[in-house]
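Below is one structure, written out as structure tokens, with a few remarks after it.
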Number of protein chains: 2
Amino acid sequence: MSKKSNLPQPTNAELEILQILWKAGPSTVRFVNEQLSEQQEKEIRYTTTLKLMQIMTEKKLLSRNTDTRTHIYLAEAVQGDTQKALLKRFVDATFQGSAMSLVMQALGNHETSQQELDEIKALIEKIEKR
Amino acid sequence: MSKKSNLPQPTNAELEILQILWKAGPSTVRFVNEQLSEQQEKEIRYTTTLKLMQIMTEKKLLSRNTDTRTHIYLAEAVQGDTQKALLKRFVDATFQGSAMSLVMQALGNHETSQQELDEIKALIEKIEKR
DNA sequence: TTGCATTTACGAAACTTTTCGTATATTATT
DNA sequence: AATAATATACGAAAAGTTTCGTAAATGCAA
């Protein structure tokens, strides 16, 4: 049984921060801010990032260790769960709930390598077996 | 060669209107407004829908026939193209560009019927053949 | 033709999300 | 100890999206 985490869904800007924390693990505001600025190739003010991360902490998307002066932030939202929830919302809005339409669209449009196709085939087999 | 339509990506509210027009074909504001109100099971003011559709016309997402007093609106954004573009944006933001992660996620989490699985297998075969 | 209902036009309020500036506190440097 | 650098707190501006109210035009009905 997985814990039902009733976290609010992150906004776009919040999601970008989560991606960084998921990838890098617990980090400081400064680090996250640098990563963000790099990605958008445009300087983002330090306090902008700070504010966002404070809001996210309020929303429980993040937690932080305040023992040291420089706080260390940690993603509380789980990557898989979050992606799943966002995917559902997106599919509902864009493909009117038909996950299959989306998969077909993704497979059809995307340059899919043989290896990736094999992975999917393997997954399908696994699903069929259960 | 498909015409490269450089339309802005629709917002959520705009997407809902597009869905209705894609499904029903050219329609009046009143019809769209009724459909919307039904979907959200909450009355949406007529002028709200009107305003949105006017904005969308400005953005070229829609066009309209103004010969009669009651204008008839038509979706200019093509469903497939729009879904494709939105999908790309979503995959970039949520799965960091990995369409495969998304497909795996969608297949894994979704209750997928045998028939749907067969469809996917058929599609994969088609892709492998080309 | 007079008035009633419906439509469009349009500005602006209401909300949400994002960005930033300033004040204040803490730590490091000279 | 004084100064500089860096951190957090916080309010509010800025920007984007959605909703609505009012006015003016148009067509229909009494």
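These values consider heavy atoms only, across backbone and side chains, with no hydrogens, waters or symmetry-generated copies. Protein chains get the first letters and strands the later ones, always in sequence-line order, with residue 1 at the start of each.
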In whole Å, what is the span from the [atom1] atom of [X] to the [atom2] atom of [N]?
| X | N | atom1 | atom2 | result |
| --- | --- | --- | --- | --- |
| Gln40(B) | dT19(D) | CD | C1' | 12 Å |
| Ile17(B) | dT18(D) | CD1 | P | 9 Å |
| Lys42(B) | dT18(D) | NZ | P | 12 Å |
| Asn12(B) | dC15(C) | CG | P | 19 Å |
| Asn33(A) | dT8(D) | CG | P | 11 Å |
| Arg45(A) | dA12(D) | CZ | C1' | 16 Å |
| Ile55(A) | dT16(C) | CD1 | P | 13 Å |
| Leu52(B) | dC20(D) | CG | C1' | 12 Å |

Not counting sequence neighbours, which residues clear salt bridge (charged side-chain N to carboxylate O under 4.0 Å, His left out) with [X]? List them please.
| X | result |
| --- | --- |
| Arg45(B) | Glu43(B) |
| Lys59(A) | Glu14(A) |
| Glu119(A) | none |
| Lys88(B) | Asp92(B) |

Please list each protein N or O that sits under 3.5 Å from an N or O in nucleotides 2-4 of chain D, with the distance.
none

Side-chain N,O (Thr48(A)) to OP1/OP2 (dC20(C)) below 4.0 Å: yes

Any Thr11(A) side-chain nitrogen or oxygen under 4.0 Å from OP1 or OP2 of dT18(C): yes

Lys84(A) with Asp81(A): basic N within carboxylate O range, under 4.0 Å: no

Letter per nucleotide, 5' to 3', of nucleotides 8-14 of chain C [B base touched, S only sugar-phosphate touched, - untouched; heavy atoms, 4.0 Å]: BBBBB--

Contact list for residues 62-75 of chain B, test salt bridge (charged side-chain N to carboxylate O under 4.0 Å, His left out), sequence neighbours left out: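 Residue pairs with at least one partner in residues 62-75 of chain B: there are none.
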
Pairs meeting criterion ring pair (Phe, Tyr, Trp, His ring centres under 6.0 Å) with involvement of residues 58-105 of chain A, two or more places apart: Phe90(A)-Phe90(B)

Pairs where residues 7-49 of chain B contributes a residue and the test ring pair (Phe, Tyr, Trp, His ring centres under 6.0 Å) is met, not counting sequence neighbours: none

Side chain to side chain, Thr28(B) and Asn33(B), heavy atoms closer than 4.5 Å: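 A side-chain contact under 4.5 Å is absent here.
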
